[in-house]
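Comments concern the structure below.
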Amino acid sequence: MLRAALSLLALPLAGAAEQPTQKPESLGEPLPGLELFRWQWHEVEAPYLVALWILVASLAKIVFHLSRKVTSLVPESCLLILLGLVLGGIVLAVAKKAEYQLEPGTFFLFLLPPIVLDSGYFMPSRLFFDNLGAILTYAVVGTLWNAFTTGAALWGLQQAGLVAPRVQAGLLDFLLFGSLISAVDPVAVLAVFEEVHVNETLFIIVFGESLLNDAVTVVLYKVCNSFVEMGSANVQATDYLKGVASLFVVSLGGAAVGLVFAFLLALTTRFTKRVRIIEPLLVFLLAYAAYLTAEMASLSAILAVTMCGLGCKKYVEANISHKSRTTVKYTMKTLASCAETVIFMLLGISAVDSSKWAWDSGLVLGTLIFILFFRALGVVLQTWVLNQFRLVPLDKIDQVVMSYGGLRGAVAFALVILLDRTKVPAKDYFVATTIVVVFFTVIVQGLTIKPLVKWLKVKRSEHHKPTLNQELHEHTFDHILAAVEDVVGHHGYHYWRDRWEQFDKKYLSQLLMRRSAYRIRDQIWDVYYRLNIRDAISFVDQGGHVLSSTGLTLPSMPSRNSMAETSVTNLLRESGSGACLDLQVIDTVRSGRDREDAVMHHLLCGGLYKPRRRDRAKDRTLWHATKDFPPVLHGSSVFGYKASCSRHFISEDAQERQDKEVFQQNMKRRLESFKSTKHNICFTKSKPRPRKTGRRKDGVANAEATNGKPRDLGFQDTAAVILTVESEEEEEDSDSSETEKEDDEGIIFVARATSEVLQEGKVSGSLEVCPSPRIIPPSPTCAEKELPWKSGQGDLAVYVSSETTKIVPVDMQTGWNQSMSSLESLASPPCNQAPTLTCLPPHPRGAEEPQAPLYPPSDPHPSFAFPPSLAKAGRSHSESSADLPQQQELQPLMGHKDHTHLSPGTNSHWCIQFNRGSRL
Amino acid sequence: MTKNYSGLDVSSAKIEKLWSGREDFQRIPELAINPLGDRIINAFFPEGEDQVNFRGFMRTLAHFRPIEDNEKSKDVNGPEPLNSRSNKLHFAFRLYDLDKDDKISRDELLQVLRMMVGVNISDEQLGSIADRTIQEADQDGDSAISFTEFVKVLEKVDVEQKMSIRFLH
């Protein structure tokens with residue numbers, strides 16, 4: 001059945017792969033010409049089946065997860081095993097023989113490594129080493145204890161006559177069986193515990209044990225196996241000693257192999273700067289090489305891969321690019337999940353093959369009881385000893401979960417299949433018992449452990465987002481503890497951890513990390529960086545709707561072209577340089593984008609932190625960039641800046657500097673540019689202008705400085721003209737959508753009248769939250785000040801939670817209506833507020849004030865002479881560098897404002913602004 | 001209280017040598033490279049003094065005793081033990097709070113960050129970290145971290161474990 005389907009699928013492939021030269025002569029016909037179709041099933045059989053099995057397993061997973069109810073009750077591993085049973089039954093029925101079983105070779109060479117690598121690589125190393133003592137105890141002592149007690153007890157059972165006499169096995173055979181059945185299986189533990197979410201300490205102990213006990217299992221298995229093969233009579237005392245010694249060789253050797261490869265891997269990734277694409281490949285190849293090397297040397301391969309993943313992660317993560325990191329993560333997870341799925345499914349299929357096993361109730365029941373009992377007993381005894389030394393003792397509930405969580409799995413099955421029937425006559429019974437044990441632990445215990453954990457009220461793991469405070473203070477704790485141990489002269493855990501960190505920092509990191517990565521390597525910084533990225537992503541996710549909607553409508557504006565043209569030409573005229581139409585068009589688009597950016601900025605500036613100092617540096621680079629461009633391009637600084645930014649990004653990537661830092665800068669710059677545009681658009685020219693005048697006053701460019709004021713006035717005039725144009729247009733194009741209107745208003749929006757400005761600020765604020773009639777300087781932060789998330793701290797941008805961002809997508813129409821109505825209500829008061837303008841300086845935005853000193857109100861970029869054409873750009877730039885000092889500069893501005901005339905179109909303008917305010 | 005710490009007998013010989021003055025502490029090589037070494041040394045000394053007696057030394061160390069289950073029943077009527085969660089946290093808090101105004105200001109945070117974070121992180125980056133840290137913790141909007149806020153941000157952290165040393169049983 002399957003084959004038929006397969007061959008159907010294979011048909012096109014076969015046709016494509018056909019080569020005339022490869023035609024078999026056995027057809028008996030003299031060169032039958034070109035065949036249209038040819039079956040080549042046997043050539044693709046093996047890989048095809050592999051792919052098909054993985055596909056089936058994956059599809060099964062999808063099906064399982066269609067019902068949340070089922071997956072919440074039944075662990076996936078159970079479902080997969082049951083599916084395997086069903087599939088095995090089908091295969092058995094169709095093919096009359098059991099096929100596609102779990103082969104030990106396949107399992108150990110292909111299926112197990114990805115799982116172990118995944119768990120080693122993503123092992124929380126700090127947690128692991130904090131609990132290393134307990135983990136090692138359980139892994140070594142516990143496994144030895146389990147193996148010997150179970151083996152001996154089974155032998156006792158046989159001696160007592162409770163096992164059928166046809167099970168021909170001596171003490172050594174039972175010890176061999178005990179050694180393979182005693183080991184807790186990492187695959188099963190991972191599969192079950194991942195869904196249970198017990199607390200981290202408990203998880204790391206059980207899981208760490210399951211990984212590290214591999215060495216003990218391997219040694220015990222091999223030693224017992226060779227003893228069985230030699231025959232118990234030939235075993236000498238030296239062999240026992242060798243057995244003990246081999247324990248150390250296998251475990252330490254495996255760990256050493258892993259660490260060597262971890263070192264190689266870290267070192268290799270240090271030099272992949274120019275070939276980023278192979279970084280993920282290197283990780284997998286070298287880890288796999290570690291596994292195979294250990295396997296080749298009969299060392300503990302699981303231990304090798306675990307140590308490799310554990311050891312290399314820190315350096316590899318620092319060296320490889322961000323994209324590679326993501327690739328490694330997801331590929332590893334995919335491979336591991338895939339392997340796990342296939343393992344459980346094949347386990348189910350293998351159990352169907354009755355030819356392999358022989359049933360003995362006494363043995364099966366005895367084994368089940370003994371492994372549970374001795375596991376529990378061992379855990380209790382070891383925990384009692386460990387608790388004498390542990391800082392946080394493991395309580396009884398922990399012990400119950402640990403005992404019950406000792407799942408057996410595919411490793412035991414693969415090992416028992418590997419037994420030699422000629423040497424171990426009872427192999428069939430052992431196979432059956434192992435299958436039953438595995439099924440029992442995975443299905444019964446896997447099913448019940450969740451309710452058990454709930455019932456016992458085991459402390460669950462809390463998934464809370466990492467906070468900077470936590471990271472920082474935990475570092476402080478570490479330092480404190482290390483220092484106290486130093487003071488007391490006690491060389492304890494903290495002492496050695498501290499020493500290791502010093503060593504790592506001094507030598508290892510320097511050797512294994514790229515210089516650029518090493519330089520910016522710091523855990524606190526990492527956390528900060530990650531938090532910022534997370535915030536940014538969530539903001540984009542939340543606000544993406546608004547942004548895209550505005551962004552899409554922008555370029556299609558017929559009216560904006562003309563408006564932008566006027567504005568640009570005005571600018572150009574002022575600067576005296578020629579303009580070309582194309583550039584203007586680009587400019588319009590930019591203005592639209594500016595608005596979008598402004599919205600985005602407002603979101604982001606609430607949630608992201610902008611390093612204050614950097615602003616200036618950034619501005620400077622910005623200015624450099626803009627200086628090099630033809631003046632026309634400067635109409636909207638953001639874009640010139642962005643362009644430079646992206647270019648910068650690429651070049652930086654090529655350079656030593658890591659993208660991490662670049663990204664950081666990028667973010668900051670974007671933030672600032674956002675801010676600048678925001679101010680530019682959302683607030684009337686008043687803001688930018690003081691900046692401009694201030695800069696001019698600074699006397700950077702003397703000639704221009706002298707002209708500064710007149711030019712400003714001129715600019716205002718042009719702005720006013722633009723304004724009227726806009727209002728007319730709006731009247732004319734009443735059918736145009738609201739968004740269009742908003743867009744139209746663009747850069748040009750220059751309401752000069754101070755009273756209006758005030759109103760506007762107030763309205764935008766009141767629309768949002770509170771309709772307080774407070775008099776606010778026409779600063780961008782009017783709205784911000786009144787917004788709930790803005791309250792309190794001005795300059796430290798408040799973290800905007802996702803809830804706040806939800807405010808953003810206000811329906812355009814409703815926003816418009818709102819703004820209109822509020823405008824009407826506000827129409828009368830403006831005269832009241834006009835005089836208050838003079839009071840602006842005493843009304844600085846409270847919390848932001850302290851920041852102001854950072855930015856002297858005067859020109860932050862004294863070294864630059866701004867060509868007049870840059871005026872606009874300059875405005876936005878200056879905004880970015882200082883939104884705070886503007887407060888101080890407002891006063892001179894006020895004077896200017898008074899001169900300005902109210903344009904007839906202000907009303908419509910206002911509406912637009914309000915609308916935006918509501919959106920913001 | 002000193003008698004409670006008989007577990008320290010092991011190292012008491014060393015302590016006797018060390019207990020006298022600040023220089024003795026500063027001579028410990030490991031402490032010299034500890035970024036917070038100086039501050040921790042200061043924490044051992046009473047206000048304005050350069051000497052600490054054995055008793056005071058032990059009182060400071062007592063902060064790091066693990067909390068035992070029978071602790072509560074023992075000290076019901078007495079004052080809060082030095083190794084309580086709150087006292088452990090307060091010890092850490094005092095390392096930040098140099099001017100003893102019960103607040104970690106941005107400057108104080110920056111100083112600690114500068115000590116702990118590698119030299120390669122630029123000032124503005126450090127500043128942004130400090131800003132964010134304060135922001136996260138700050139609840140009353142004073143741009144500083146008070147002790148209450150400090151406790152609050154660390155409520156999910158297993159301070160009992162992370163501020164305890166095993167040998168101080």
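Just so we're clear, the structure is a prediction, and the values are computed from it rather than from any experiment. Throughout, protein chains are lettered first and strands after them, A, B, ... in sequence-line order, and every chain is numbered starting at 1.
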Give me the ring orientation class for B:His90 and B:Phe93: parallel if the planes are under 30° apart, tilted from 30 to 60°, perpendicular past 60°.
-> parallel

Can you tell which part of A:His475 gets under 4.5 Å to a heavy atom of chain B, answering side chain, backbone, both or neither?
-> both

Indicate yes or no for a side-chain donor-acceptor contact from A:Asn199 to the backbone of A:Leu202 under 3.5 Å, with no hydrogens or angles considered.
-> yes

B:Asp97: what forms a salt bridge (Lys or Arg N to Asp or Glu O under 4.0 Å) with it, not counting sequence neighbours?
-> none

Hey, which of A:Gln502, A:Glu501, A:His479 has the most heavy atom pairs under 4.5 Å with chain B?
-> A:His479

Taking ring pair (Phe, Tyr, Trp, His ring centres under 6.0 Å) as the test, write out the residues that go with A:Phe128, two or more places apart.
-> none

Non-hydrogen atoms of chain A under 4.5 Å away: do they reach the side chain of B:Ile129, the backbone, both or neither?
-> both

Against chain A, label B:Phe91 side chain, backbone, both or neither, depending on which of its atoms sit under 4.5 Å from a heavy atom there.
-> side chain

